[in-house]
Amino acid sequence: MKFFFDYERSELAKMFSPPFRATQIFKAVYQHGIDDFEAMTDLPKAQRTSLATEWDIKLPAVHRRFDSVDGTRRYLVTLHDGEMAETVFIPEENRDTVCISSQIGCALACTFCLTGQLGLIRNLSAGEIVAQVLITQRENMQGSFNIVLMGMGEPLHNYDNVMKAIRILHDEEGLNMSMSRITLSTAGLLPGIERLAQEPMIPNLAISLTGATNSKRDQLMPINRKYPIEELLDAVRRFPLKHRQRVTFEYVLLRGVTDAPEDALNLAKLLRGMRAKVNLIPLNEAEELNYRRPSDAAIERFQRILTDHHIDAFIRKQRGEDVSAACGQLKKKWA
Ligand code: SAH
């Protein structure tokens, strides 16, 4: 059986006859939430029966859902090999956000991230990425929403599947997600950023920086030893941006490691003149991590130094911590 969500409409048009069936079925699945060919009454009866033997158009089952007191929900989506994709739904006042995973585990081993401790287990297919969005959308959302690729995994490390998923989600005959509502976050995989810059359709870019000097970042994010800060920021400066669009820098605040005024000054210096904003993420603590979250005073002091240097900085609210759904907490906690 072929997994429908793995295919772009242009590919489907080559597989269905007549080709316009691709658009018909795409619409039925993505816009009307139909998961059974029998319900597609605009298709000839015989074709409905034969399609059902070749194509799987059912969304994967939700193994479990964990509901946080703050409304955040963490989903475990059952995949064909028994692995689970972790997805987080984050309700927000203006517009809800769904945070999706691109891999199971992650190869990059950032020292403050629990997913990093798992190592890479496997890439998710395009359809497994798309399905996470549909599952959370159908359960939680009516209107438009944001997608962030900030779950498990390094999206640029699974480049082809991630970009394919983005094209499927963007298709105007499907979910019709605007590129401005999709954010791809990377720990700084330089070749991937350069490749992304050449794409015809480009989502918002977020860079997980956290260290503001190479010596510090080398310690926290081993990927920095390969692609140091100057090269990374040069690539970001070359990255094409639309009118008023900015790159987001995520910066995890670790007590005594990245939260000093000097760190804030270094960060301000690095980002000077860039079309950028900063999301400060106070560490989500865990037993397995040898770091602490800074005091609220230190967090606010850090933010103030950035804004004093004309850099927009926001403190990311902690969401879903009680159900292991917060940033850096996705770690195959299945019970
Ligand atoms: N690999 C990509 C996508 C994951 S995004 C990337 O690194 O950008 C996950 C975000 O959570 C990253 O910005 C990361 O820096 C942050 N993060 C990781 N562990 C964290 C923790 N324990 N507390 C708070 N934020 C964390």
Participant: Please check if V162 and L79 belong to a single hydrophobic cluster, counting links between Ile, Leu, Val, Met, Phe, Trp and Tyr side chain heavy atoms closer than 4.5 Å.
Facilitator: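 In one cluster: yes.
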Participant: Kindly check if the number of other-residue, nucleotide or ligand heavy atoms within 6.0 Å of CD (E230) is above 12?
Facilitator: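 Counting neighbours around CD of E230, more than 12 heavy atoms of other residues, nucleotides or ligands fall under 6.0 Å, so yes.
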Participant: Does this structure show an ion pair linking D67 with R74, if we count only N-O contacts that are shorter than 4.0 Å?
Facilitator: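 Between R74 and D67 there is no salt bridge, as every charged N stays at least 4.0 Å from the carboxylate O atoms.
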Participant: Restricting to ring-ring contact (aromatic ring centres under 6.0 Å, His included), what partner residues turn up for F16, sequence neighbours left out?
Facilitator: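 Residues passing ring-ring contact (aromatic ring centres under 6.0 Å, His included) with F16: W55.
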Participant: Would a 4.5 Å heavy-atom cut-off, applied to side chains only, mark V133 and I100 as touching?
Facilitator: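 They are in side-chain contact.
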Participant: Quick one: do K58 and D36 satisfy salt bridge (charged side-chain N to carboxylate O under 4.0 Å, His left out)? Show the steps, please.
Facilitator: CA-CA 7 Å; K58 290 244 185 296; D36 182 1; 5.3 Å; no
Participant: Is there a donor-acceptor pair under 3.5 Å between the side chain of E199 and the backbone N or O of M201?
Facilitator: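 Between the backbone of M201 and the side chain of E199 there is no qualifying donor-acceptor contact (under 3.5 Å).
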Participant: Examine I129 and Y7 and state if one hydrophobic cluster contains both, with Ile, Leu, Val, Met, Phe, Trp and Tyr joined whenever side-chain heavy atoms are less than 4.5 Å apart.
Facilitator: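 Same cluster: I129 reaches Y7 through Ile, Leu, Val, Met, Phe, Trp or Tyr contacts under 4.5 Å.
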Participant: Taking the side chain as every heavy atom from C-beta outward, state whether M152 and S102 have any pair of such atoms under 4.5 Å apart.
Facilitator: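 When only atoms from C-beta onward are counted, S102 and M152 do not touch, as no gap falls below 4.5 Å.
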Participant: Does K242 have any salt bridge (charged side-chain N to carboxylate O under 4.0 Å, His left out) partners at least two apart in sequence or in another chain, and if so, which?
Facilitator: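 Scan of K242 (salt bridge (charged side-chain N to carboxylate O under 4.0 Å, His left out), adjacent residues dropped) gives none.
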Participant: Using 4.0 Å as the upper bound for N to carboxylate O, is an ion pair formed by E11 and K164?
Facilitator: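 Salt bridge: yes.
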Participant: Within a strict 4.5 Å, meaning less than it, do heavy atoms of the I193 and Y227 side chains meet?
Facilitator: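 They are not in side-chain contact.
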Participant: Apply the side chain to side chain donor-acceptor pair (under 3.5 Å) test between N284 and each candidate in E321, Q318, Q329; give the one that qualifies.
Facilitator: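 Single side chain to side chain donor-acceptor pair (under 3.5 Å) partner of N284 among E321, Q318, Q329: Q318.
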Participant: Do the charged groups of R122 and D81 touch, with an N to O distance under 4.0 Å?
Facilitator: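 Result for this pair is yes, salt bridge flagged.
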Participant: Verify the ring-centre separation between F66 and Y75: is it less than 6.0 angstrom?
Facilitator: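 Here the rings of F66 and Y75 have centres that are no less than 6.0 Å from each other.
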Participant: Parallel under 30°, tilted from 30 to 60°, perpendicular over 60°: which one fits the rings of F112 and Y291?
Facilitator: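 Plane angle over 60°, so perpendicular.
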Participant: Is there side-chain contact between T23 and L12, with at least one heavy-atom pair below 4.5 Å?
Facilitator: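 The answer is no, as the side chains (C-beta and beyond) never meet within the 4.5 Å cut-off.
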Participant: Do the side chains of E285 and R293 get close enough for a salt bridge, i.e. N-O under 4.0 angstrom?
Facilitator: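 Salt bridge absent between E285 and R293.
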Participant: Hydrophobic clusters here meaning ILVMFWY residues chained together by side-chain heavy-atom distances under 4.5 Å, can you tell me if L254 and L265 are in one?
Facilitator: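 In one cluster: no.
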Participant: Are the side chains of L271 and V278 in contact, using a 4.5 Å heavy-atom criterion?
Facilitator: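 Of all side-chain heavy-atom pairs linking L271 with V278, at least one is under 4.5 Å.
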Participant: So, do F3 and D6 sit near enough that their side-chain heavy atoms are less than 4.5 Å apart?
Facilitator: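 In short, these two side chains touch, coming nearer than 4.5 Å.
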Participant: Could K331 and E288 be called an ion pair, given the rule that one side-chain N must be under 4.0 Å from one carboxylate O?
Facilitator: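 Salt bridge between K331 and E288, a charged N being under 4.0 Å from a carboxylate O: yes.
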Participant: With a 3.5 Å cut-off and sequence neighbours excluded, list the donor-acceptor pairs that the side chains of residues 308-316 form with protein atoms.
Facilitator:
| residue | atom | partner | partner atom | Å |
| --- | --- | --- | --- | --- |
| H309 | ND1 | I305 | O | 2.8 |
| D312 | OD2 | R246 | NH1 | 2.7 |
| R316 | NH2 | E250 | OE2 | 3.4 |

Participant: Above 12 or not: heavy atoms from other molecules or residues under 6.0 Å from NZ of K216?
Facilitator: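 Atom NZ in K216 is crowded, with more than 12 foreign heavy atoms closer than 6.0 Å.
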Participant: Does atom NZ of K226 have more than 12 heavy-atom neighbours, drawn from other residues, nucleotides or ligands, at distances under 6.0 Å?
Facilitator: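 No.
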